[in-house]
Amino acid sequence: MIKYKDNHKEAANLRTYRADQMPLMAAMQGYLAEQVLPFHTPGHKAGKGAHASLQQYLGPDALAMDLAVVPGLNDLFDKQGPIRESQQLTASLYGADESYFLINGTTGGIYAMILATVGPGEKIIVPRNIHRSVMGALILSGAVPVFVRPEVDGGLQIAMNVPLESYELAIRQNPEAKAVLVINPTYYGATADIAAITALSHQHGLTVLVDEAHGPHFHFSQQLPIQGITAGADLVVQSTHKILGALSQASLLHCRRARINIPRLETMLQLVQSSSPNYILLASLEAAVTQMRESGELLVGRSLALSHTARSCINEIPGLYCFGAEKLGGPGVFGLDATKLVVNVRGLGIHGNDAEIWLRRFGKVQAELSDMNNVLFLVTLADDEASMHQLLQALTALSAEYTDGTGKTAEPLAALPDAATTLLLSPREAIFSRLERVSFSDSAGRICAETITSYPPGIPILFPGEQITPAAITYCQALQRQGFTILGPEDPTLNTVEVVA
Ligand SMILES: Cc1ncc(COP(=O)(O)O)c(C=O)c1O
């Protein structure tokens, strides 16, 4: 009898995991230990048929873990089995009624939660600085967005979060709305008063959906803002891969049952996800959750301590400013995630994007993102004194390079166009209408079929379905003259725009 063991280590060489603690990992190990000859997917069969480059970088153990839906491992959507058990352990850690593993990132979770709660033509209240996955979900569902505006910090020129009063007004003006979406926190770490927004929304019969892509660590420290599930929200999606230890694309959806039709939610999860889940991604979710159960408070506490020290040091470096607690209670800042270091480089007279490039080239550090004025660094459970030291050294060198006045002063931001945009069609209706491409300068009055955004401040100027105003055209053109990048439209020069014919 042929035994399939030549391409991965004997199970005996590996630590084994307990089924009551890591049910999925235990089941995967159990299957590998059987050493049966695979006549099933994936075609590389434990790496034996994989290209040398994959063998070199992933190695035999990782390739052997790339398993398939075989009896005992179960399907992502099965009602029982190790994946389900692992999801239940996750739910109990986060205080949710149900948790679901996501293999298409938070994007997939946002699609599923909006599809499950808001139908075609129904209204959902959403911040205007939504991630594109929310717009994707609106296009898929046919829902009609009612936008609430985040506050903009004039000095930093970044969008913060949305004040409670704006949600209150939108709820009062749209009593028929089905759901409210809250971003907890924004990319730059600002949170809204999610507990009050949730209570208010529930009083008015609205379901509360939370984009917590950047907050999967909130549950593990009192010093961090409250997580959506604890605040009473109904559905919360977290990018476990962004901040915690899961692999890229691995996210979690948490649910409180009371207002959610669970079979419908599960149908929508199946609609937007693969029927061939990657078991390495799933195992990474289980591992990340186990890690947080075992030592989440310690790890998040350490990231916070490192961030606090780094923030103080950065604020001593000439020309740099890293905002912190002094912004609390200011416009759009109910709470802050201190592990996000947003370094404002305006004082050096250079753009954030140039600082990012310089830091990579000369300081050997790569930021998460930059905009015209700021560079964002994420401090996570992977960081330690040494990594923070390297970051501080790089920032000190950047400052020394530019404080002699060689940098040119960043231009002030053009005034935002009139906040009132008119939605004439739902994003879905706009996208599926007959479209034509016209000159952007001459497009006033037409219905936009694209999203047009600029950083800063990261708030889309036009969404599909909105009427293009003369003010929006003037604003975009002013930004372009100042060298800002316009994101979203198919024509990156924005000489032309796609509109409804
Ligand atoms: C606020 C926000 N929501 C959702 C997403 C989508 O998350 P994912 O990349 O896990 O699909 C992102 C990604 O950057 C994001 O920044």
Side-chain angles (χ1 to χ4, degrees), residues 2-17 22 24-70 73 76 82-83 86 101-108 213 216 238-252 273-292 299 356-357 359-361 363-369 377-384 386-387 390-391 394:
I2 304 170
K3 280 196 177 165
Y4 196 74
K5 64 177 180 181
D6 46 329
N7 220 24
H8 62 87
K9 283 184 196 157
E10 295 282 347
N13 294 339
L14 298 166
R15 180 181 155 192
T16 50
Y17 294 92
M22 299 186 73
L24 180 57
M25 183 63 93
M28 290 167 75
Q29 286 192 317
Y31 181 65
L32 291 174
E34 283 182 46
Q35 297 185 2
V36 294
L37 189 62
F39 278 95
H40 58 70
T41 61
H44 63 72
K45 298 197 176 181
K48 200 173 167 200
H51 187 262
S53 59
L54 275 191
Q55 297 197 15
Q56 179 186 336
Y57 276 100
L58 297 188
D61 291 330
L63 286 164
M65 277 181 76
D66 187 17
L67 292 165
V69 183
V70 293
L73 287 186
L76 182 52
I83 299 176
S86 196
F101 288 177
L102 303 170
I103 48 160
N104 185 20
T106 291
T107 298
Q238 300 176 330
S239 290
T240 319
H241 67 96
K242 285 192 197 293
I243 311 289
L244 304 181
L247 298 184
S248 293
Q249 271 182 243
S251 287
L252 291 174
Q273 296 196 97
S274 172
S275 56
S276 310
N278 182 315
Y279 279 80
I280 304 179
L281 290 190
L282 297 177
S284 84
L285 275 169
E286 184 179 74
V289 169
T290 307
Q291 184 180 30
M292 297 318 281
L299 294 169
E356 177 183 346
I357 294 166
L359 287 165
R360 171 153 170 186
R361 188 152 175 219
K364 294 284 174 220
V365 297
Q366 176 59 52
E368 167 71 7
L369 62 78
F377 304 92
L378 303 182
V379 182
T380 75
L381 41 76
D383 285 299
D384 55 17
S387 64
Q390 184 167 337
L391 173 61

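What's counted below: heavy atoms across the whole structure, side chains too, no hydrogens, waters or symmetry copies. Residues take their numbers from the sequence shown, with the count starting at 1.
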Practice item. Under the side chain to side chain contact (heavy atoms under 4.5 Å, CB included) rule, what do Gln366 and Glu356 come out as? Steps first, then yes or no, please. Key: CA-CA 7 Å; Gln366 176 59 52; Glu356 177 183 346; 2.8 Å; yes

Review point. Do Ser86 and Met22 pass the side chain to side chain contact (heavy atoms under 4.5 Å, CB included) test, and can you show the C-alpha distance, the side-chain angles, and the key distance before you say yes or no?
Key: CA-CA 7 Å; Ser86 196; Met22 299 186 73; over 6 Å; no

Exercise for review: Would you please test Leu378 and Lys242 for side chain to side chain contact (heavy atoms under 4.5 Å, CB included) and show each step?
Suggested key: CA-CA 9 Å; Leu378 303 182; Lys242 285 192 197 293; 5.7 Å; no

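Rounding to the nearest 0.5 Å places OG1 of Thr107 at 10.0 Å from CG of Leu102. To the nearest 0.5 angstrom, Leu247 atom CG is 10.5 Å from Leu282 atom CG. Here Leu73 contributes atom CG and Ile83 contributes atom CD1; the two are 7.5 Å apart, rounded to the nearest 0.5 Å. With rounding to the nearest 0.5 Å, the separation of CD1 in Ile103 from CG in Asn278 is 7.5 Å. Here Ile280 contributes atom CD1 and Leu285 contributes atom CG; the two are 12.5 Å apart, rounded to the nearest 0.5 Å.
Using a 4.5 Å cut-off on side-chain heavy atoms (C-beta onward), Gln291 and Leu244 make no contact. The shortest side-chain heavy-atom distance between Asp66 and Tyr279 does not fall under the 4.5 Å cut-off. Counting only heavy atoms from C-beta outward, the side chains of Met65 and Met25 approach each other to under 4.5 Å. Here the side chains of Asp383 and Phe377 are not in contact, with every heavy-atom distance at 4.5 Å or above. Pro60 is not listed as a side-chain neighbour of Gln55, based on a closest heavy-atom distance of 4.5 Å or more. Taking the side chain as every heavy atom from C-beta outward, Leu32 and Leu67 approach each other to under 4.5 Å. The shortest side-chain heavy-atom distance between Val69 and Pro277 falls under the 4.5 Å cut-off.
Partners of Glu368 by side chain to side chain donor-acceptor pair (under 3.5 Å), not counting sequence neighbours, listed by chain and number: Tyr187. Legend: residues meeting side-chain contact (heavy atoms from CB on, under 4.5 Å) with Leu58, ordered by chain and number and at least two apart, are Leu54, Ala62, Leu63.
Side-chain atoms of Ser284 come within 3.5 Å of backbone N or O of Leu281 as a donor-acceptor pair. A donor-acceptor distance shorter than 3.5 angstrom exists from the side chain of Thr106 to the backbone of Ser239, with no hydrogens or angles considered. Proximity of a side-chain donor or acceptor of Asp384 to a complementary backbone N or O of Ser387 within less than 3.5 Å is detected. At distances below 3.5 Å, not a single donor-acceptor pair connects side-chain atoms of Gln390 with backbone N or O atoms of Val365. Although no hydrogens or angles enter the test, the distance criterion places no donor-acceptor pair under 3.5 Å between the side chain of Gln273 and the main chain of Gly108.
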